[in-house]
Amino acid sequence: MGVESIKSATAISDLEGFQSFLTEQAEVAKQIAEGILANARTVAELSQGYAAEAKDIAETSLKAVK
């Protein structure tokens with residue numbers, strides 16, 4: 001991704017090319033942000049599942065001890 005950005009930047013030869021480059025970079029940034037958000041949601045879902053499982057294990061352990 002970084003190499004492609006550098007190649008695109010070095011190919012700029014006029015104002016249109018510069019504007020196109022900025023548009024492309026904005027799209028890349030948007031895609032990265034969307035990926036980060038999706039990953040954060042996945043981590044949150046996994047954390048909730050882990051917490052629920054840990055609670056179940058603790059409750060089961062306590063019942064076994066009593």
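FYI, the numbering just counts along the sequence from 1. Computed over heavy atoms, backbone and side chain alike; hydrogens, waters and symmetry mates excluded. In this text, all values refer to a predicted model and were calculated from it rather than measured experimentally.
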Any residue meeting side-chain hydrogen bond (donor to acceptor under 3.5 Å, both in side chains) with Gln25, in chain and number order, not counting sequence neighbours: Ser5
Contact check, side chains of Arg41 and Leu37, non-hydrogen atoms, under 4.5 Å: yes
Euclidean distance, Ile57 CD1 relative to Tyr50 OH, rounded to 0.5 Å: 8.0 Å
Atom of Ile12, atom of Phe18 and distance for their closest heavy-atom approach: CG2-N, 3.7 Å
Reported CD-to-CD distance for the pair Glu24 and Glu4, which is rounded to 0.5 angstrom: 10.0 Å
Lys55 side, atom NZ; Thr60 side, atom OG1 - distance, nearest 0.5 Å: 11.5 Å
Check: Ser20 side chain, Glu16 main-chain N or O, donor-acceptor pair, under 3.5 Å: no
Residue pair Ala9 / Phe21: nearest heavy atoms and the distance that separates them: N-CE1, 3.7 Å
